[in-house]
Amino acid sequence: MNDTVKLLKECESGCKTALDGMGQVMDHIGSESMRGEMIACQERHRNLKKRCRTLLFEQGEQEADPPAIGTAFMRMGTGMKLAINDEDSHVAEMMADGANMGMKSIAKVMNACPSASQESRTLASDLIQEERRFFDSMLRYL
């Protein structure tokens, strides 16, 4: 797999994971402002995912879902954490942790794929910036 495809697949997986996580916690958010932040972030992630999908299609790649076992464990972990504590501050902490993991994961792959296309690197940078923006927005709810 070439560097461009590898980077784009990581970005696509990151977008899907973020959207899944945000969808899973949405019903547990009490604050209207936090809910608004989450909805806006979901929309930005959907747009980034569409950009990624377009670039992957241009590379001849079909859409792929994150590994099922990883998704299942993430959902179970999130569900258990919410069963114990579903206060907005706890949800914000979980979302901030997820955004931080997303930034690190994408940065690692971007650094490991030096010959990835400029367009894919720009998309990865945009996704890292979005994760940072989301992380920062969650801090006020901790």
How far apart are the closest heavy atoms of [X] and [Y], and which atoms are they?
| X | Y | answer |
| --- | --- | --- |
| K6 | V109 | O-CG1, 4.1 Å |
| D3 | S115 | OD2-OG, 2.8 Å |
| S31 | D88 | N-OD2, 2.8 Å |
| F135 | A96 | CD1-O, 3.2 Å |

The test is side-chain contact (heavy atoms from CB on, under 4.5 Å); show your working for M22 and F134 and say whether it passes.
CA-CA 11 Å; M22 286 184 264; F134 184 55; 4.2 Å; yes

In terms of side-chain heavy atoms, does S117 have a donor or acceptor partner in S120 at a distance below 3.5 Å?
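Looking only at side-chain atoms, S120 and S117 do form a donor-acceptor pair, the distance falling under 3.5 Å.
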
Distance only, no hydrogens: is a donor on one side chain within 3.5 Å (strictly under) of an acceptor on the other, for S105 and E10?
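Yes, E10 and S105 have a side-chain donor paired with an acceptor closer than 3.5 Å.
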
Return yes if some donor-acceptor pair links the side-chain N/O of R35 with the main-chain N/O of G30 below 3.5 Å, else return no.
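No, the answer is negative, given that no donor and acceptor are paired below the 3.5 Å cut-off.
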
State whether the side chain of D20 and the backbone N or O of K16 hold a donor-acceptor pair below 3.5 Å, judged by distance alone.
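Answer holds: no.
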
Atom pair [atom1] ([X]) and [atom2] ([Y]), whose distance is rounded to the nearest 0.5 Å:
| X | Y | atom1 | atom2 | answer |
| --- | --- | --- | --- | --- |
| E87 | I29 | CD | CD1 | 13.5 Å |
| L7 | M110 | CG | CE | 7.0 Å |
| I128 | C11 | CD1 | SG | 7.5 Å |
| L56 | K49 | CG | NZ | 11.0 Å |
| S89 | M34 | OG | CE | 8.5 Å |
| C41 | L19 | SG | CG | 8.0 Å |

CA sep, side-chain torsions, deciding dist, call: R133, Q129, side-chain contact (heavy atoms from CB on, under 4.5 Å):
CA-CA 6 Å; R133 177 186 306 138; Q129 284 182 322; 5.5 Å; no

Residues two or more places apart in sequence or in another chain: which of them pass side chain to side chain contact (heavy atoms under 4.5 Å, CB included) with E131?
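Listed in chain order: A18, H45, A99, M103, L127.
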
Going by the salt bridge (Lys or Arg N to Asp or Glu O under 4.0 Å) test, which pairs reach into residues 108-126, not counting sequence neighbours?
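Qualifying pairs, neighbours excluded: R51-D126.
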
Verdict with reasoning, K9 to E12, per salt bridge (Lys or Arg N to Asp or Glu O under 4.0 Å):
CA-CA 5 Å; K9 284 188 175 201; E12 181 179 45; over 6 Å; no

Grouping I, L, V, M, F, W and Y whenever their side-chain heavy atoms are under 4.5 Å apart, do M138 and M101 come out in a common cluster?
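No, it is not one cluster - the side chains of M138 and M101 are not joined through contacts under 4.5 Å.
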
I would like to know whether M38 and M95 meet side-chain contact (heavy atoms from CB on, under 4.5 Å); could you show each step before the answer?
CA-CA 10 Å; M38 194 81 64; M95 294 292 98; 3.8 Å; yes

